[in-house]
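Below: the structure, in structure tokens.
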Amino acid sequence: MSNNQELADRLARIARLQELLGFDKFRAISNERAARTVEGFPEDVIALSKDRAALLKIDGIGPKIADKIIEFATTGGIKELDELTAEVPAGLMPLLELNGLGPKTVRMFWQDAGVTDLASLRKIIADGSILNLPRMGAKAVEKIVASIAMIEEGDKRLALGLALPVAEAFVAQLKKHKSVKQIAYAGSMRRGKDTIGDIDILVATSDAAGVAEAFRTMPQVRHILASGETRSSVRAALKYVEPPPADGTTIIAPVTGPTVQVDLKVVPLESWGAALMYFTGSKEHNVRLRERALRMGLTLNEYGLFPDDDEKEPPHKRGIKSIASSTEEEIYAKLGFNWIPPELREDRGELDIFALASSEDDAAAETKPAKTSKKSATSKSTKEPAKGKKGPAAAAPAIATAAAAPRVLPRLIELADIKAELHSHTTASDGEMSIVELATRAKARGFHTIAVTDHSKSSAIANGLSVERLLRHIDAIREAASKVEGITILAGSEVDILADGRLDYDDEVLAKLDVVVASPHASLAQDPKVATARLLKAVRHPLVHILGHPTGRLINKRAGLSPDFSELYSAAKEHNVALEINAHWMRLDLRDAHVKGAIDAGCNLAIDCDVHYPGDFDNLRYGITTGRRGWLTPERCVNAWTAADLHAWLKSKR
DNA sequence: GCCGTTTTCGGCCCGACTGTTTTCAGTCG
């Protein structure tokens, strides 16, 4: 686990303990918010902790939390956390994970009924004494029992690549319903997160009952959890198709396999934009937008943007006309923003880019002045742009320096920008296609270049090539290149980075290759210091072009390496090595926050499909989404370069 | 615990839903 992740976990634990202990809830919220900030922070926070002033510049981090970060960096722990932990029975914390149980209820169980863990909660349910507690009726208990069952099944977040096809199938099916005016999936899926909790489908229709009925009766629906007039909720099968085995047969997951929760929400057509924004999130992004609305004398909810008149009843219920509601674009515009791509809506600087311009807009806004009771929420990052700083702090707080960036969001990478695949496997190692088939498929996608990069000798399990086989393979690639027109076929290798950082082939062999992708495949639980040295050695190797799946993580299966990313980024920039975003949905490695860090550090990135099977080209969308979440532009993605530029870069390392 | 272009105290985003209640607390997204 990375330092940032460990610190974020600790801060989040402090927040949860504070809630359980009945502290002021805003204190807990502050710790929780700091946890999310640290988690998404592109630089290693330990390195950043050497400069307290830089820490304090980060939005949401004040003196107390800065000290906790410094304490964690120097001692590896946080005393406050230990003290809070000692006050609460260890078994109580997992109860917070139960759906429908919040800190207030769990605290009440603990204080009033002596519940200390799941077992003692079960006991008061079994003997019925739970019914004597405040607000505990038969239905409430029934829900708790269901939540316990759910958590025992292991309710992990699902990889995007498993969930997205399910969502698309629902959308495609429901679109056929004639009454449907608008339909889209929203939530973290629309933002392109690497894992999702559930699928939110939004629909605007003139026949809510009919669409809900169609939704509940789709063939992949296994259970109906709730069904109302405007909301329905089901669990649907993941119709997950495995990559075909060698004999060409296709395995489809059985109907009893894993399921995912899908929620359908019916919204009024005139509120489509507001509802889509609201349900797309993120929560943090929405909070910032609503704070901004308040400063402009407006209020934003899922029905639209309204004048803020201080009445308690929501404006849409009083027939107040919205200022904007039907499209996302008009709502963002009224708030002084261009439309923000969903992948950026994480409150990681996407709103601050406009901050300088928007403070001028505030004065010119045609709406009434903000009320005195609602304080301005202008973030720290809108203060003076950081300038003239030296040392680690100068590069570190990307969030804090966002105001210094141009006032226009970058033009993010798109699927159509990709013109080259630089990481692919053939039957020579563990792929399914011949060189010619691989090249033909790449050409059909409009690519100008494909690099054939089979595994190196140490990857025995993947049928890695000995030096002799590699040399013959290079000849075969050259021959195929002369046969297939309209695409450049490059001879490459995905070379193992051995545990000590040496590469799996000698330099004279590597020098014969057009493209070297160096990737870690074994020893993926290494100590971070060792891992850093290992990857740095590969990046500094003069013949390496791309660092492949740098951490080796597998989503929900393997954490992978936790190198010091700041060092990795600066080495990659210095040695002109592209860092890979491996587009396979099981990897997505680098992940979004790392991409942002690499971009801020000035690195180039590669988005590659690591093609083994024909269908693997389709994983490109996940790599693109991950790149967009990391603010990747086509200029910084080697796969989006012209053939001339790409080939010149590759040759520059020969 | 953080924050500030009415600032160093007194606030802190918004609404739906649920289940328990007869007006609301707690949870969720």
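By convention in this document, chain letters (A, B, ...) are assigned in the order of the sequence lines, proteins followed by strands, and residues within each chain are numbered from 1. Bear in mind the structure is a predicted one, so any value in this text is a computation, not a measurement.
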A:Tyr278 side chain, from C-beta outward: closest of B:dC14, B:dG26, B:dG29: B:dG29
To the nearest Å, give me how far apart CD1 (A:Ile58) and C1' (B:dC2) are. 14 Å
Does A:Arg591 come within less than 4.0 Å of A:Asp194, counting only side-chain N to carboxylate O? no
Heavy atoms only, 4.0 Å cut-off, all strands: where does A:Pro63 land among base, sugar-phosphate and nothing? sugar-phosphate
In whole angstrom, what separates A:Arg295's CZ from B:dT5's P? 9 Å
Please measure how far the C1' atom in B:dG11 lies from the corresponding atom in B:dA16, and state the result in whole Å. 25 Å
Quick one: label A:Asn31 by what it contacts on the DNA or RNA (base, sugar-phosphate, nothing), any heavy atom closer than 4.0 Å. sugar-phosphate
A:Arg231 has its side chain closest, among B:dC17, B:dG1, B:dG15, to B:dC17
Taking the inter-plane angle between the rings of A:Tyr303 and A:His316 on a 0 to 90° scale, is it parallel (under 30°), tilted (30 to 60°) or perpendicular (over 60°)? parallel
If you only use heavy atoms from C-beta on, which nucleotide in B:dT20, B:dG15, B:dC3 is closest to the side chain of A:Ala140? B:dT20
What does A:Thr230 touch in the nucleic acid at a heavy-atom separation under 4.0 angstrom: a base, only the sugar-phosphate, or nothing? sugar-phosphate
Pick base, sugar-phosphate or nothing for A:Lys68, based on heavy-atom distances below 4.0 Å to the nucleic acid. sugar-phosphate
I'd like the P distance from B:dC14 over to B:dC9, given in whole Å. 26 Å
Gap in Å between the two C1' atoms, one belonging to B:dT22 and one to B:dG29, rounded: 28 Å
Gap between atoms CG and P, on A:Leu95 and B:dT27 respectively (whole Å): 12 Å
Minimum heavy-atom distance between A:Met108 and A:Pro134, given as atom pair plus value: CE-O, 3.6 Å
Using the P atom in both, what is the distance from B:dT27 to B:dT20, to the nearest Å? 14 Å
Can A:Phe26 be called stacked on B:dC2 when the rule is centres closer than 5.5 Å and an angle between planes below 30°? no
Less than 6.0 angstrom from the centroid, inside 45 degrees of the normal: does A:Arg348 satisfy that with respect to the ring of A:Phe41? no
Between A:Met136 (CE) and B:dG26 (C1'), how many Å, whole number? 9 Å
Do A:Glu284 and A:Arg288 sit within salt-bridge range, that is, some charged N less than 4.0 Å from a carboxylate O? no
If the cut-off is 4.0 Å, is A:Arg135 near the phosphate of B:dT20, judged by side-chain N/O to OP1 or OP2? no
Applying a 4.0 Å non-hydrogen cut-off, can you work out what A:Leu101 is touching in the nucleic acid: base, sugar-phosphate, or nothing? sugar-phosphate
Go through B:dT27, B:dG15, B:dG29 for me and flag the one nearest to the A:Thr105 side chain. B:dT27
On the nucleotide B:dC14, are OP1 or OP2 found under 4.0 Å from the side-chain N or O atoms that A:His316 carries? no
Minimum-distance nucleotide to A:Leu294 side chain [options: B:dG19, B:dG15, B:dC14]: B:dC14
Regarding A:Tyr303, tell me which of base, sugar-phosphate or nothing describes its non-hydrogen contacts under 4.0 Å with the strands shown. sugar-phosphate
Over all strands shown, is A:Ala138 touching base, sugar-phosphate only, or nothing at heavy-atom distances under 4.0 angstrom? sugar-phosphate
For B:dC12 versus B:dC17, give the span between their P atoms, rounded off to a whole number of Å. 25 Å
Once you apply a heavy-atom cut-off of 4.0 Å, does A:Ile29 come out as touching a base, just sugar-phosphate, or nothing? nothing
Return no unless some side-chain N or O of A:Lys104 is found under 4.0 Å from OP1 or OP2 of B:dG26. yes
In whole Å, what is the span from the CD atom of A:Glu32 to the C1' atom of B:dC12? 16 Å
Base, sugar-phosphate, or nothing for A:Glu80, non-hydrogen atoms under 4.0 angstrom? sugar-phosphate
Between A:Glu80 and A:Arg10, is there a side-chain N and carboxylate O pair less than 4.0 Å apart? no
Touch class at under 4.0 angstrom, heavy-atom based, for A:His285 against every strand present: nothing
Atom C1', compared across B:dT18 and B:dT23: separation rounded to whole Å: 15 Å
Side chain of A:Asp24, heavy atoms from C-beta onward: which of B:dC12, B:dA16, B:dC2 has the nearest atom to it? B:dC12
A:Leu11 vs A:Phe72, test: side-chain contact (heavy atoms from CB on, under 4.5 Å). Steps then yes/no. CA-CA 10 Å; A:Leu11 292 172; A:Phe72 174 75; over 6 Å; no
